[in-house]
Trainee: 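Let me begin by handing over the structure; questions about it come next.
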Amino acid sequence: LLAPTSSNLQCWEFYWVKSKEKKEKLKEYCLNQSAATSAKELVVCVSRIDTWKKNKKNIVKYLKSKESTPKSAIEYYEKIVPIVYSQGIFGLFGFLKKIIVFLIGFFRPIPRQPTSIADMRVLANKSTALACENFMLALRAYGYDSWPMEGMDSEKISKMINLSKKAEVCMVIGIGKRDKKGIYGQRFRLSSKKFIKTV
C-alpha cells in the first residue's frame, strides 16, 4: 500500500487465491510452470484503468481532513488530475490532449502521456508493477520468497476472478519458502554492464 504510484492513485488490486479449487485452476492457467505448482500461495496482481476517479475522491477527502495540507496539493487532485487522467467518451478528450501536447511540445517540455486508453494501461501496469515489487520485498523481509509470472492465460484468470473489462492481469506471484537448490539452480544475473548505462 505504500508503493509509489502515479499521483498516488493506486490503480491496482491484489487477489489472494485461497480456494483450493481455484488455486488448482490458477496453476493450470499459469501453464503449470514450476513457480506456480511449487508455490504455497498464489496472488493475482491486477491493474485498473477505471479506479482513479474513486481513489482521487478518497485522497481529496483525506487531504481536506488535515489542516496541514497545502492548498496546492488539493488543487492538484481537484484540477490537474482530472485533466491528466480523463480520456473522455470514446477517447475523444485524450485525442484532443494529444494534439495540444504535440503543439506545446515544440516550445517547452510537457508530459506526453496519458493521452489514450493505451497510455492509461501502461500507466496502470507500471503502478501495479511497483506495488508488486514492494510486496515481493516485504515477503523477503519476512523470510518468504516469491516468483512473478507473466506466462499465463490472462483471459481465463480474468474470468475466474470475475474481473471487469477495464481491469487486466499484470502478473501472478507465487509465494513460499525457498528451496536451497532453487528451481533450476542457483540464482544468477547477467553482467550489470549490459543494463546500467551512463550518458
Trainee: State plainly whether the residues E78 and K64 are in salt-bridge range, i.e. N to O under 4.0 Å.
Mentor: yes
Trainee: Looking only at heavy atoms, what is the nearest atom pair of N134 and A3, with distance?
Mentor: ND2-CA, 3.2 Å
Trainee: Does the side chain of K56 come within less than 4.5 Å of P82's, by heavy atoms?
Mentor: yes
Trainee: Which residues, ordered by chain and number, are linked to I89 in its hydrophobic cluster, where ILVMFWY side chains connect at heavy-atom gaps below 4.5 Å, directly or through other members?
Mentor: F90, L92
Trainee: Any side-chain heavy atom of K40 within less than 4.5 Å of one from I175?
Mentor: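 Heavy-atom side-chain distance check fails, nothing below 4.5 Å.
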Trainee: Establish, from distance only, whether the side-chain atoms of N125 and E168 form a donor-acceptor pair under 3.5 Å.
Mentor: yes
Trainee: Are the charged groups of E24 and K27 less than 4.0 angstrom apart, N to O?
Mentor: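 Result for this pair is yes, salt bridge flagged.
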Trainee: In terms of hydrophobic clusters joined by side-chain contacts under 4.5 Å, are L139 and W147 together?
Mentor: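 L139 does not cluster with W147.
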Trainee: Rounded to the nearest 0.5 Å, what separates atom CD in E133 from atom CE in M136?
Mentor: 5.5 Å
Trainee: Only pairs under 3.5 Å count here: list side-chain donor-acceptor contacts from residues 188-199, not counting sequence neighbours, and write none if there are none.
Mentor:
unit_1, atom_1, unit_2, atom_2, d
S191, OG, K193, N, 3.2
K197, NZ, K194, O, 3.4

Trainee: Does a side-chain N-to-carboxylate-O contact under 4.0 Å join D50 and K166?
Mentor: no
Trainee: Do P114 and Q87 have side-chain heavy atoms sitting under 4.5 Å apart?
Mentor: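 Yes, side chains in contact.
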Trainee: So which atom in T128 and which in C170 form the shortest heavy-atom distance, rounded to 0.1 Å?
Mentor: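 Looking at all heavy atoms of both residues, the closest pair is CG2-CB, 3.7 Å.
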Trainee: With side chain to side chain contact (heavy atoms under 4.5 Å, CB included) as the criterion, how do R48 and S164 come out once you've worked through the C-alpha distance, each side chain's angles and the decisive distance to 0.1 Å?
Mentor: CA-CA 9 Å; R48 302 292 303 247; S164 77; 3.5 Å; yes
Trainee: Quick check: is Y142 connected to L137 through a chain of hydrophobic side chains (ILVMFWY, heavy atoms under 4.5 Å apart)?
Mentor: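 Different clusters: L137 never reaches Y142 through Ile, Leu, Val, Met, Phe, Trp or Tyr contacts under 4.5 Å.
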Trainee: Can you list everything that forms a ring-ring contact (aromatic ring centres under 6.0 Å, His included) with F102? Sequence neighbours excluded, please.
Mentor: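 Partners of F102 under the ring-ring contact (aromatic ring centres under 6.0 Å, His included) test: F106.
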Trainee: Tell me whether L9 shares a hydrophobic cluster with I117, the cluster being built from Ile, Leu, Val, Met, Phe, Trp, Tyr side chains joined at under 4.5 Å.
Mentor: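 Hydrophobic grouping puts L9 with I117.
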Trainee: Please tell me whether S7 and Y77 have a donor and an acceptor in their side chains that are separated by less than 3.5 angstrom.
Mentor: no
Trainee: Scan residues 36-72 for pairs that pass ring pair (Phe, Tyr, Trp, His ring centres under 6.0 Å), counting only residues two or more places apart or in two chains.
Mentor: W52-Y85
Trainee: With a 6.0 Å cut-off (strictly less than), is the heavy-atom count around OH of Y76, excluding the residue itself, greater than 12?
Mentor: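 Buried by this count: over 12 neighbours within 6.0 Å.
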Trainee: Could you grab the distance from atom SG of C11 to atom CZ of R121, nearest 0.5 Å is fine?
Mentor: 14.0 Å
Trainee: Considering only heavy atoms from C-beta outward, does the side chain of Q113 approach that of L123 to under 4.5 Å?
Mentor: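 No - every pair of side-chain heavy atoms lies 4.5 Å or more apart.
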Trainee: What distance do C30 atom SG and K156 atom NZ have between them, rounded to the nearest 0.5 Å?
Mentor: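 Rounded to the nearest 0.5 Å, the SG-NZ separation comes out at 13.0 Å.
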Trainee: Could you report the tightest heavy-atom contact between F93 and I83, atom names first, then the distance?
Mentor: CE2-O, 3.6 Å
Trainee: Between S127 and T5, is there a donor-acceptor pair closer than 3.5 Å when you use the side chain of the first and the backbone of the second?
Mentor: no
Trainee: Answer yes or no: is there a side-chain heavy-atom contact under 4.5 Å between C132 and I173?
Mentor: yes
Trainee: Side-chain contact test, heavy atoms from C-beta onward, threshold under 4.5 Å: evaluate it for E41 versus K23 and give yes or no.
Mentor: yes
Trainee: If you group Ile, Leu, Val, Met, Phe, Trp and Tyr whenever their side-chain heavy atoms sit less than 4.5 Å apart, what else falls in with V17?
Mentor: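 Via sub-4.5 Å side-chain contacts, V17 links to Y15, L26, Y29, L42, V44, V46, M149, M152, I157, M160, I161, L163, V169, V172.
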Trainee: Taking all non-hydrogen atoms of both residues into account, name the closest pair between R112 and G105 and its distance.
Mentor: NH2-CA, 3.4 Å
Trainee: Establish whether I80 and I74 are linked, either directly or via other cluster members, by ILVMFWY side-chain heavy-atom contacts under 4.5 Å.
Mentor: yes
Trainee: Taking the side chain as every heavy atom from C-beta outward, state whether W12 and S47 have any pair of such atoms under 4.5 Å apart.
Mentor: no
Trainee: Would you call K159 and E155 a salt bridge, using N to O less than 4.0 angstrom?
Mentor: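 Looking at E155 together with K159, the answer is yes, because their closest N to O distance falls below 4.0 Å.
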Trainee: Do L103 and I110 land in one hydrophobic cluster if side-chain heavy atoms of ILVMFWY residues count as linked below 4.5 Å?
Mentor: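 Different clusters: L103 never reaches I110 through Ile, Leu, Val, Met, Phe, Trp or Tyr contacts under 4.5 Å.
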Trainee: Run the salt bridge (charged side-chain N to carboxylate O under 4.0 Å, His left out) test against K53 and tell me which residues pass, sequence neighbours left out.
Mentor: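 Checked K53 against salt bridge (charged side-chain N to carboxylate O under 4.0 Å, His left out); zero matches.
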Trainee: If I take atom CZ from residue R178 and atom OG from residue S38, how far apart are they, to the nearest 0.5 angstrom?
Mentor: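 The CZ atom of R178 sits 12.5 Å away from the OG atom of S38.
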Trainee: Taking everything shown except L2 itself, do over 12 heavy atoms lie less than 6.0 Å from its CG?
Mentor: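 Result for CG/L2: open.
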Trainee: Roughly how far apart are L63 CG and N8 CG, rounded to 0.5 Å?
Mentor: 9.0 Å
Trainee: Answer whether the closest heavy-atom distance between the side chains of F95 and T115 falls below 4.5 Å.
Mentor: no
Trainee: Should the heavy atoms of other residues, nucleotides or ligands under 6.0 Å from NZ of K177 be counted, would the total exceed 12?
Mentor: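 Yes, enclosed.
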